[in-house]
Amino acid sequence: MKIEATKKIQIKNIEIGGSKTLICTPIIPSTLEDFVSDIDYALSQNPDVVEWRLDYFDNLSSLDYVYNTLTSIKYKLANTIFILTLRDNKEGGKCTLSQEDKLKIIQNALKTDTIDILDIEQIQGKDYISSVKQMINNTNTKLILSYHNFEFTPNKEEIVQKIEKALELGANIPKVAYMPHSSEDVLCLLDASISCRKLLEAPIVSISMGDLGKISRVYAGQFGSDITFASLKDSTAPGQIKIDDLKRAWTHLF
């Protein structure tokens, strides 16, 4: 049975933090043509959430191009949560733009009223996060503050503190992902996730990456994480499971 959040978030007809663990499928198109085909293929798999990893896009510097691309698919997302992520290269992404340039892209993208959730990194700092918060204050867009550590998994207390810090900085949904080097590391992440569910009201996302951490993706909800990420074709993080494989596993397990 999934552990529910006390303070759930309703977006469209979908509840984050409720009785269902949501599946998010990231797409990583580099061109408009790829974007159209990727979004259509993603939606055909019936995920709860689609994440556009905008940092993979070739025309990232063209504000109009990004704006028009988002506007073109808005009508397709009536029943699917849409996350926009411009992942920094320091946390596994492709984006090397300055904070000023990233803020311009985000501000322009928000004007389309297509973005349900915006994902930015904790490492961007308080001033950057505050600027983004000001942009979304008068919109329906929610904020994920994420942290990715591709080197190691710290102790439970540090993981809990990282999630609490995201909430202090204004996140609606904290997200953490760590690389394990042992089964104990995976258990540490899962233990921290359960503790956060008991301590905190908000929905959370917690991931143990790599092959060792795949169990955290399959049993995400049972350990307090509200969204699990599953790939369509190419994975965007180590250990991501293909969406059809994840659904097949859930059919047998739950």
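When reading the values below, keep in mind they use all heavy atoms of this one structure, side chains included, and skip hydrogens, waters and symmetry mates. No experiment lies behind these values; they were computed from the predicted model shown.
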For residues R87 and S146, is any side-chain donor paired with an opposing acceptor at under 3.5 Å?
-> yes

Nearest atoms (heavy-atom pairs only) where I243 meets T25 | CD1-CG2, 3.4 Å

Show your working on side-chain contact (heavy atoms from CB on, under 4.5 Å) between R217 and F229 and close with a plain yes or no.
-> CA-CA 7 Å; R217 298 180 184 275; F229 288 72; 4.0 Å; yes

ILVMFWY network linking I16 to L118, side-chain heavy atoms under 4.5 angstrom = no

Can you tell if the side chain of I81 reaches within under 4.5 Å of the side chain of V50, non-hydrogen atoms only?
-> no

Answer yes if the side chains of E121 and Q124 hold a donor-acceptor pair under 3.5 Å, and no otherwise.
-> yes

Out of S216, S225, C188, which residue meets the side-chain contact (heavy atoms from CB on, under 4.5 Å) rule with S208?
-> S216

Work out which heavy atom in A109 is nearest to a heavy atom in T112; give both atom names and the distance.
-> O-OG1, 2.7 Å

Linking I/L/V/M/F/W/Y whenever their side-chain heavy atoms sit closer than 4.5 Å, directly or via other members, would M135 and Y67 fall into one cluster?
-> no

Do K242 and R248 come close enough that some side-chain heavy atom pair is under 4.5 Å?
-> no

Non-hydrogen side-chain atoms of Y147 and Y178 separated by less than 4.5 Å = yes

Check the surroundings of atom OH in Y219: do more than 12 heavy atoms from other residues, nucleotides or ligands lie under 6.0 Å from it?
-> no

Say you draw a straight line from CD1 of I144 to CD1 of I173; how long is it, rounded to the nearest 0.5 Å?
-> 5.0 Å

Please confirm whether the backbone N or O of H148 pairs with a side-chain atom of E91, one donor and one acceptor, at under 3.5 Å?
-> yes

Salt bridge (Lys or Arg N to Asp or Glu O under 4.0 Å) evaluation trace for D116 with K142 | CA-CA 6 Å; D116 297 309; K142 305 300 182 184; over 6 Å; no

Would you find a donor on one side and an acceptor on the other, under 3.5 Å apart, between the side chain of T80 and the backbone of V49?
-> no

Indicate, with yes or no, if L110 and I105 share a hydrophobic cluster defined by side-chain heavy-atom contacts under 4.5 Å among Ile, Leu, Val, Met, Phe, Trp and Tyr.
-> yes

Would one find more than 12 heavy atoms of other residues, nucleotides or ligands at under 6.0 Å from atom NZ of K247?
-> yes

Heavy-atom closest pair, residues C95 and L60 | SG-CD2, 4.5 Å

Any side-chain donor-acceptor pair under 3.5 Å between E51 and T85?
-> yes

Polar side-chain atom of T21 near backbone of A220 as donor-acceptor pair, under 3.5 Å = no

Reported CG-to-CG distance for the pair L190 and D185, which is rounded to 0.5 angstrom = 11.0 Å

Steps toward salt bridge (Lys or Arg N to Asp or Glu O under 4.0 Å) verdict (K20, D226) = CA-CA 8 Å; K20 179 184 179 183; D226 294 294; over 6 Å; no

Side-chain heavy atoms of L189 within contact of I159, under 4.5 Å | yes

Of K94, K102, R53, the one forming a salt bridge (charged side-chain N to carboxylate O under 4.0 Å, His left out) with D88 is K102

Determine whether the side chains of K156 and S195 contain a donor N or O and an acceptor N or O closer than 3.5 Å.
-> yes

Can you see which heavy atom on G93 is nearest to which on D55, and at what distance?
-> CA-OD2, 3.5 Å

Backbone of T96 reached by a side-chain donor or acceptor of N89 within 3.5 Å = no

Quick check: are there more than 12 heavy atoms from other residues, nucleotides or ligands sitting under 6.0 Å from NZ of K133?
-> yes

side-chain contact (heavy atoms from CB on, under 4.5 Å) between Q161 and E168, worked out = CA-CA 10 Å; Q161 287 171 9; E168 289 172 13; over 6 Å; no

Rounded to the nearest 0.5 Å, the CG atom of L84 sits from the CD1 atom of I106 at a distance of 7.5 Å

Taking S131 for the side chain and D127 for the main chain, is one N or O donor matched with an acceptor at less than 3.5 Å?
-> yes

Can F254 be reached from F223 by stepping across I, L, V, M, F, W or Y side chains whose heavy atoms are under 4.5 Å apart?
-> yes

Over 12 non-hydrogen atoms of neighbours within 6.0 angstrom of CG in N137 = yes

Beyond-backbone contact of T139 with D113, side-chain heavy atoms, under 4.5 angstrom = no

Could you check if a side-chain atom of K104 sits within less than 4.5 angstrom of a side-chain atom of D101, using non-hydrogen atoms only?
-> yes

Does atom CD1 of I73 have more than 12 heavy-atom neighbours, drawn from other residues, nucleotides or ligands, at distances under 6.0 Å?
-> yes

Hphob cluster co-occupancy, L22 + I207, side-chain heavy atoms under 4.5 angstrom = yes

Ignoring hydrogens and angles, tell me if any N or O in the side chain of T141 forms a donor-acceptor pair with the backbone of I115 under 3.5 Å.
-> yes

Sequence-distant partners of F82, ring pair (Phe, Tyr, Trp, His ring centres under 6.0 Å), two or more places apart = none

Counting only heavy atoms not in K90, do more than 12 sit closer than 6.0 Å to its NZ atom?
-> no

Look up atom CG in L145 and atom CG in L169, then write down how far apart they are to the nearest 0.5 Å.
-> 6.0 Å

Side-chain donor/acceptor of D245 to backbone N/O of I241, under 3.5 Å = no

To the nearest 0.5 angstrom, please state how far the CD1 atom of I204 sits from the CG atom of N172.
-> 14.5 Å

Would you find a donor on one side and an acceptor on the other, under 3.5 Å apart, between the side chain of K76 and the backbone of I39?
-> no

With a 3.5 Å cut-off and no angle check, do the side chains of S193 and S206 form a donor-acceptor pair?
-> yes

Flag yes if more than 12 heavy atoms outside N140 fall under 6.0 Å of its CG atom; otherwise flag no.
-> no

Kindly give the heavy-atom pair with the smallest separation between Q45 and L232, and that separation in Å.
-> CG-CD2, 3.8 Å

Any side-chain donor near an acceptor of the partner, S62 and N59, under 3.5 Å | no

Side chains of T228 and C24 in contact at under 4.5 Å (non-hydrogen atoms) | no

Of all heavy-atom pairs between L212 and P180, which one has the smallest distance, and what is that distance?
-> CB-CG, 3.8 Å

Does atom CG of N138 have more than 12 heavy-atom neighbours from other groups under 6.0 Å away?
-> no

CG (L200) and NZ (K198) are apart, to the nearest 0.5 Å, by 12.5 Å

Check whether any side-chain heavy atom of P203 sits under 4.5 Å from a side-chain heavy atom of K8, and report yes or no.
-> no

Please answer whether the main-chain N or O of K162 pairs with a side-chain N or O of Q122 as donor and acceptor at a distance below 3.5 Å.
-> yes

Given D34 and T31, is the side chain to side chain donor-acceptor pair (under 3.5 Å) satisfied, shown in steps?
-> CA-CA 5 Å; D34 289 342; T31 66; 3.3 Å; yes

State whether the side chain of T69 and the backbone N or O of Y65 hold a donor-acceptor pair below 3.5 Å, judged by distance alone.
-> yes

Mutual orientation of the aromatic rings belonging to F35 and W52 [parallel < 30°, tilted 30-60°, perpendicular > 60°] | tilted

